[in-house]
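Each chain gets a letter, A, B and so on, in the order the sequences are listed, and its residues count up from 1.
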2 protein chains.
Amino acid sequence: MAITIKDVAKQAGVSHSTVSRALHGSSLLSEETVERIRQIAVEMGYFPSAAARSLKTNRSHALGVIVSAIDDPFFSEILQGIEEIAQGRGYSMLIAASQRDPERERAIVQDMRERHVDGLILCSASFSVEQRRNLLQYGIPIVMVNNQAAEEYRYSIYHDDVDGSRQVTRHLIELGHKRIAYLGNSLSGRTTMDRLTGFRQEMEAAGLDIPDEYILEVPGGGPEDGFNASNQILDMPERPTALFCFNDLLAIGVLKGLHSAGFSVPGDISVVGFDNIVFSAYTNPTLTTLEQPKRYIGAEAARLILGLLDRIEDKEAPDQEIQKLKGRLLVRQSTAPPPIDLRQL
Amino acid sequence: MAITIKDVAKQAGVSHSTVSRALHGSSLLSEETVERIRQIAVEMGYFPSAAARSLKTNRSHALGVIVSAIDDPFFSEILQGIEEIAQGRGYSMLIAASQRDPERERAIVQDMRERHVDGLILCSASFSVEQRRNLLQYGIPIVMVNNQAAEEYRYSIYHDDVDGSRQVTRHLIELGHKRIAYLGNSLSGRTTMDRLTGFRQEMEAAGLDIPDEYILEVPGGGPEDGFNASNQILDMPERPTALFCFNDLLAIGVLKGLHSAGFSVPGDISVVGFDNIVFSAYTNPTLTTLEQPKRYIGAEAARLILGLLDRIEDKEAPDQEIQKLKGRLLVRQSTAPPPIDLRQL
DNA sequence: AATAATGATGCACACGTGTGCAAAGGAACC
DNA sequence: GGTTCCTTTGCACACGTGTGCATCATTATT
């Protein structure tokens, strides 16, 4: 077995309580003993048992993170942001992927409770009402990141998708586009709805009409979904001159689809994405998109949780805290004015 | 406080031992009582404390995963593979990013020990000798994935980079290329060395010479590194007709660099990557690369660990197990025969 | 009917740590 | 030197769970 606090105590000729206090820097001990005991603990290669400590203190010093998929580049950047803050503050990160599967979600929530995580970060996980209640009743701080039901939780941090979407749409309108289509991801629920709303608002403000067929939905948000959708767009009787994609992954697939069909971007049709994942700067043409501060979002979520945990001890945690972040438009090469022969329509 | 096993016992009118046995399906109890107690436990919303259980059983049912960066698309796919297996078997996943920082590595190893993870998966983390010894002495199963010092650990699973590299090189040679350069990532240690070795072997076998200047190294493996390196390649007095990049990310950056300098791929120069990350199928031109079964690698690593854990209980774990996986060449659009005017050199 | 055998359940301890309280030791003061 | 006060340390319990052993009840056996 591993070395315990008692072994150190025996070696130092004191009781295990004294060792415990020494390692915590209790002011009850003399500096001399503290130093001596610490020295011995290091020499013996002692390290405390997180399980025992957690059992006693009711704090696990672990953060749970539930994400729909780890290998989605959007989420993995958020995860990286969370990790940096958590690790810097001595917290570990327990990650689970829900894959949008209700049964998995249930199992994950159960596990997080059993493991007694001190806080939970939900990244775009679509929870059933039952699981949500389950979580809230659990009593730990929960921070939502980009979730559908952000208002239902006391703490959340998310991106202002309506605003971002309006920025994107305005850009297309200012370029002279009138026939703009929207390609959404039906699985992303609230997020795609918000972006669609922003799109509609801005189009209406400009007095532009949106034919029903210009609102497309595909069941997924990967490049292959975009690739498959590109034919639908090209087959439209009145082809749009610009396409607003729900996210960069879809846009990247669309770019490939249009290219292999022999169309030029932005010559024949402009394409915009959303999120500014790393790759959007390396497509050909490079992708105009809306930058979301992903790493920052993750880091802020972690800071929010950790701050709450600190303040809970002093009973001064705020009842609610909601951060709404705005993104910023990145104009690159995939957008341009519409083709001349279509401009006057 | 939460509901404990004792609360359930009181409610059921039995001792806490009986409850414990019932929940574990002990054959000592009658089926009737087992069922009754389980029912009550569910009704009361009881869930066991992982900390207490871990303290008692010396098993945490958690897997530690150390990776250099979470948001690297190569690693995040491996992580996803690990997660799926772990979750399916009731194990949680503790992830930490080392960022190639020795101090962080030290802190992470310490944390994994304190948390008493049952097994550890190291993904391309470059450990110091000291940390390695520290880990091995810890005594838990450790599986290396694509690590520098795979042989020094008893269990490892990695990709045969030398073989993959030879496949890639052979492909270029068969296309007729004679002037081939290699762009490595000096930070990735062993991995880049292996790929370089394969490259050299195959070139030698074909009787082709490699000028010193054709072996490039950049300190990183991101697209920006590739982008920056592209000028160096174009500025060479005798420009290569093909470029073999350490990984897809570098290749993608190179593609952009060459394109913005007005060069055509594969018309003027062929480019190949390595890893087959999702995006390599969506560049323009699409990238010829070597497919590594990333998800499978992750899943196999997890299975290996979990299998070891099962067998350790029966004292029949093997002393050593090493899996070497081979990848497969994916020929796409970024490679072609060299330009005609350079073919006869 | 006494004993053995079988089945069901409780008692009590252990895992490693943190902490309130008591106790012991020493110094300072009168 | 006795009293008081402060500093330093140990005792003992608690956290929630698992498990060997003992106990008790019941049934089968002689």
Enumerate, atom names and distances included, each donor-acceptor pair closer than 3.5 Å involving a side-chain atom of residues 78-90 of chain A, sequence neighbours excluded.
residue	atom	partner	partner atom	Å
Gln80(A)	OE1	Ile70(B)	N	2.8
Gln80(A)	NE2	Glu84(A)	OE2	3.2
Glu83(A)	OE1	Gln87(A)	NE2	3.3
Glu83(A)	OE2	Gln87(A)	NE2	2.6
Glu83(A)	OE2	Ala97(B)	N	2.7
Glu84(A)	OE2	Arg295(A)	NH2	3.2
Glu84(A)	OE2	Gln99(B)	NE2	3.2
Gln87(A)	NE2	Ala97(B)	O	3.3
Arg89(A)	NH2	Asp310(A)	OD2	2.8

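The side chain of Ser20(A) contributes an N or O atom lying less than 4.0 Å from OP1 or OP2 of dG18(C). Taking side-chain N and O atoms only, Arg53(A) has no distance below 4.0 Å to OP1 or OP2 of dG16(C).
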Footprint string (nucleotides 6-12 of chain D, 5' to 3'): B base within contact, S backbone only, - free, heavy atoms under 4.0 Å: --SBBBB
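The separation between Lys6(A) atom NZ and dT17(C) atom C1' is 9 Å, rounded to whole Å. Protein atom NE2 of His61(A) is 13 Å distant from nucleotide atom C1' of dG18(C), rounded to whole Å. If you measure from atom CG of Leu55(A) to atom P of dT17(C), you get 12 Å, rounded to the nearest angstrom. Going from atom NE2 of His24(B) over to atom P of dG20(D) covers 13 Å, rounded to whole Å. Across the protein-nucleic acid pair, Arg59(B) atom CZ and dG18(D) atom C1' stand 14 Å apart, rounded to whole Å. To the nearest angstrom, P of dA8(C) lies 15 Å from CD of Glu35(B). Protein atom NZ of Lys56(B) is 7 Å distant from nucleotide atom C1' of dC13(C), rounded to whole Å. Atoms CG (Asn58(B)) and P (dC15(C)) sit 10 Å apart, rounded to a whole Å.
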Under the criterion salt bridge (charged side-chain N to carboxylate O under 4.0 Å, His left out), I'd like the reasoning laid out for Glu35(A) against Arg38(A): C-alpha separation, chi angles, the key distance, then a yes or no. CA-CA 5 Å; Glu35(A) 199 47 49; Arg38(A) 283 196 174 156; 5.1 Å; no
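A distance-only check finds a donor-acceptor pair linking the side chain of Thr57(A) to the backbone of Arg53(A) [under 3.5 Å]. In this structure, Ser49(B) contributes its side chain and Ala52(B) its backbone to a donor-acceptor pair below 3.5 Å. Using a distance-only test at 3.5 Å, with no hydrogens or angles considered, a donor-acceptor pair links the side chain of Asp118(B) to the main chain of Ser60(B).
Between Arg115(A) and His61(B) the shortest heavy-atom distance is NH2-O, 3.2 Å.
Judged as a side chain to side chain donor-acceptor pair (under 3.5 Å), and not counting sequence neighbours, the contacts of Arg113(A) are Asn134(A).
Using a 4.0 Å heavy-atom cutoff across all strands shown, Ser49(A) reaches sugar-phosphate atoms only and no base atom.
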